[in-house]
Amino acid sequence: MRPTPQTEQELLSRAHELAGLSLGELAQEAGIITPPDLKRDKGWVGQLLEWHLGATAGSKPVPDFIELGIELKTIPIGYNGKPLETTFVCVAPLIGLQGLNWENSHIRHKLAKVLWIPVEGERDIVLADRRVGSPLLWSPSPDEEQRLRRDWEELMDMIVLGHVEKITARHGEILQLRPKAANSKALTEAYGADGQPIKTLPRGFYLKTHFTAELLERYFILQ
DNA sequence: CTATGATCATTG
DNA sequence: CAATGATCATAG
């Protein structure tokens, strides 16, 4: 991969240089073969951009740019300019929740500073021809953080009370809880309704598309 | 198994 | 046709 940027400015200017380029061009520069589609390579776009921007974390549970405290997220955009998919943030803790609060939560730290990179995502555009958009460095506004916190507390309350299996993707205004697993047979431990341990699907926190659409829109309005 | 990176594909 | 629930690849 390319060298790790040492400053926020350097990271941003490098991200701006990628705007307008196609994934095929970026893959060629990186010496990577572009897969026919993303069916078996769902994280390919994200990893390609990591390479070009010099992200360091790999699969470690830390921000992509440790020194800068910045998380990198690619986001697929449709013809209407809006996100085509929800955005996975992190896995939800289901046990050992004593002392856990919003302030010290994994998700708050993950979302503290995010470099969003929109990428054309319509499936009828050949993967190699999809273009990268302009980057957006975002931190939650006070209002956004409050909404995130409200949703997080509602969801975590249900988990603590042993109601994790009653939670659907409809809970939460901007944050949702959904399965995050290899398949439906991968189980992890959680609290049951009687406080007894149960086995259930691992869950992840995802940002709903209407929220990420707001972010991008707010940014473009400011341009 | 959990963490990283997410999108797929069925359904309402 | 958007959204929910399910799934894919890889590293450790």
Side-chain angles (χ1 to χ4, degrees), chain A residues 1 4 23 26-27 30 32-66 70-97 105-107 109-111 114-128 130 132-133 151 155 164-190 197-214:
Chain A
M1 75 178 113
T4 299
L23 298 182
L26 294 182
I32 297 172
I33 301 295
T34 305
D37 55 54
L38 297 177
K39 287 180 187 175
R40 297 190 167 273
D41 297 271
K42 297 182 179 179
W44 185 80
V45 177
Q47 286 160 356
L48 179 63
L49 272 293
E50 282 183 350
W51 187 95
H52 279 274
L53 294 174
T56 51
S59 66
K60 296 188 290 291
V62 294
D64 295 295
F65 301 95
I66 305 170
I70 295 175
E71 178 74 16
L72 175 66
K73 292 251 168 251
T74 58
I75 184 165
I77 301 297
Y79 292 127
N80 59 9
K82 294 186 176 179
L84 286 168
E85 297 286 348
T86 55
T87 301
F88 171 72
V89 183
C90 62
V91 169
L94 301 182
I95 55 170
L97 306 177
S105 67
H106 193 185
I107 187 171
H109 292 116
K110 273 256 168 181
L111 293 179
V114 179
L115 181 64
W116 297 97
I117 305 205
V119 177
E120 290 180 331
E122 293 285 2
R123 292 187 206 175
D124 62 8
I125 306 177
V126 174
L127 186 54
R130 297 184 194 174
V132 175
D151 285 349
L155 294 167
V164 62
E165 297 192 316
K166 289 197 169 70
I167 299 175
T168 74
R170 284 163 282 268
H171 286 86
E173 180 209 348
I174 60 178
L175 199 62
Q176 62 182 185
L177 194 79
R178 306 208 321 264
K180 165 62 173 172
N183 54 60
S184 58
K185 290 165 189 164
L187 300 178
T188 191
E189 197 160 274
I198 62 168
K199 288 290 190 180
T200 191
L201 253 35
R203 310 300 162 99
F205 289 115
Y206 295 78
L207 296 174
K208 297 187 179 183
T209 53
H210 72 80
F211 178 68
T212 49
E214 270 181 35

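Just so we're clear, the structure is a prediction, and the values are computed from it rather than from any experiment. Order of the sequence lines sets the chain letters (A, B, ...), proteins ahead of strands, with each chain counted from 1.
Contacts of A:Glu71 with the nucleic acid, taken as non-hydrogen atoms under 4.0 Å apart, involve only primed sugar atoms and P, OP1 or OP2. Using a 4.0 Å heavy-atom criterion, one finds that A:Lys73 contacts the sugar-phosphate atoms exclusively. Using a 4.0 Å heavy-atom distance criterion, A:Arg40 is classed as a sugar-phosphate-only contact. Across all strands shown, A:Ala186 has heavy atoms under 4.0 Å from sugar-phosphate atoms exclusively, and none from any base. Residue-level contact check: A:Val45 touches neither bases nor backbone, having no heavy atom under 4.0 Å from any strand. Using a 4.0 Å heavy-atom criterion, one finds that A:Thr86 contacts the bases of the nucleic acid, with or without backbone contacts as well. Counting any heavy atom pair closer than 4.0 Å across all strands shown, A:Arg170 reaches sugar-phosphate atoms only and no base atom. When heavy atoms are screened at a 4.0 angstrom cut-off, A:Leu84 is found touching no nucleic acid atom at all. Base contact: A:Gly43 has a heavy atom under 4.0 Å from a base atom.
For A:Lys180 against B:dG5, a side-chain-to-base donor-acceptor contact under 3.5 Å is present. At a cut-off of 3.5 angstrom, counting only N and O atoms as typed in the model, there is no donor on one side facing an acceptor on the other between the side-chain of A:Lys42 and the base of C:dT10. The base of B:dA6 lies close enough to the side chain of A:Tyr206 for a donor and an acceptor atom to sit less than 3.5 Å apart.
Expressed to the nearest 0.5 Å, how far CG of A:Leu48 lies from OG1 of A:Thr74 amounts to 9.5 Å.
Distance from the side chain of A:Arg178 is smallest to C:dG5 among C:dG5, B:dT4, B:dA6. The A:Leu38 side chain lies nearest to B:dT7 when the options are C:dT4, B:dA6, B:dT7. Taking the side chain of A:Val91 as heavy atoms from C-beta on, and the options C:dA3, B:dA6, B:dA3, the nearest nucleotide is B:dA3. Here the nucleotide nearest the side chain of A:Thr188, chosen from B:dT2, C:dT7, B:dG5, is B:dT2.
The separation between A:Leu187 atom CG and B:dC1 atom C1' is 11 Å, rounded to whole Å. Rounded to whole Å, atom P of B:dT10 lies 16 Å from atom CG of A:Asn183. If you take CG of A:Leu127 and P of B:dC8, they are 10 Å apart, rounded to a whole angstrom. Here C:dA6 presents its P atom at 6 Å from CG of A:Leu201, a figure rounded to the nearest Å. Rounded to an integer number of Å, the gap from CG of A:Asp64 to P of B:dT4 is 9 Å. Atom-to-atom, CD of A:Gln176 to P of C:dA2 comes out at 16 Å; the value is rounded to the nearest Å. Between A:Glu85 atom CD and B:dC8 atom P there is a gap of 7 Å when expressed in whole angstrom units. Spacing between atom NZ of A:Lys39 and atom P of C:dT7 amounts to 16 Å, rounded to whole angstrom units.
Residues A:Thr188 and A:Arg203 bring no donor and acceptor atom of their side chains to less than 3.5 Å of each other.
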Stepwise side chain to side chain donor-acceptor pair (under 3.5 Å) check, A:Arg178 with A:Thr168: CA-CA 7 Å; A:Arg178 306 208 321 264; A:Thr168 74; over 6 Å; no

Side chain to side chain contact (heavy atoms under 4.5 Å, CB included) assessment of A:Val89 paired with A:Tyr206: CA-CA 6 Å; A:Val89 183; A:Tyr206 295 78; 6.0 Å; no

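Under a cut-off of 6.0 angstrom, the local environment of NZ in A:Lys110 is crowded, with over 12 non-hydrogen atoms contributed by other residues, nucleotides or ligands.
Listed pair A:Thr74 / B:dG5 fails the phosphate criterion, with no side-chain N or O lying under 4.0 Å from OP1 or OP2.
Between A:Thr34 and A:Leu23 there is no side-chain heavy-atom pair separated by less than 4.5 Å.
Each of A:Lys110 and A:Pro76 lies near DNA chain B, and the nucleotide nearest A:Lys110 is the one positioned closer to the 5' end.
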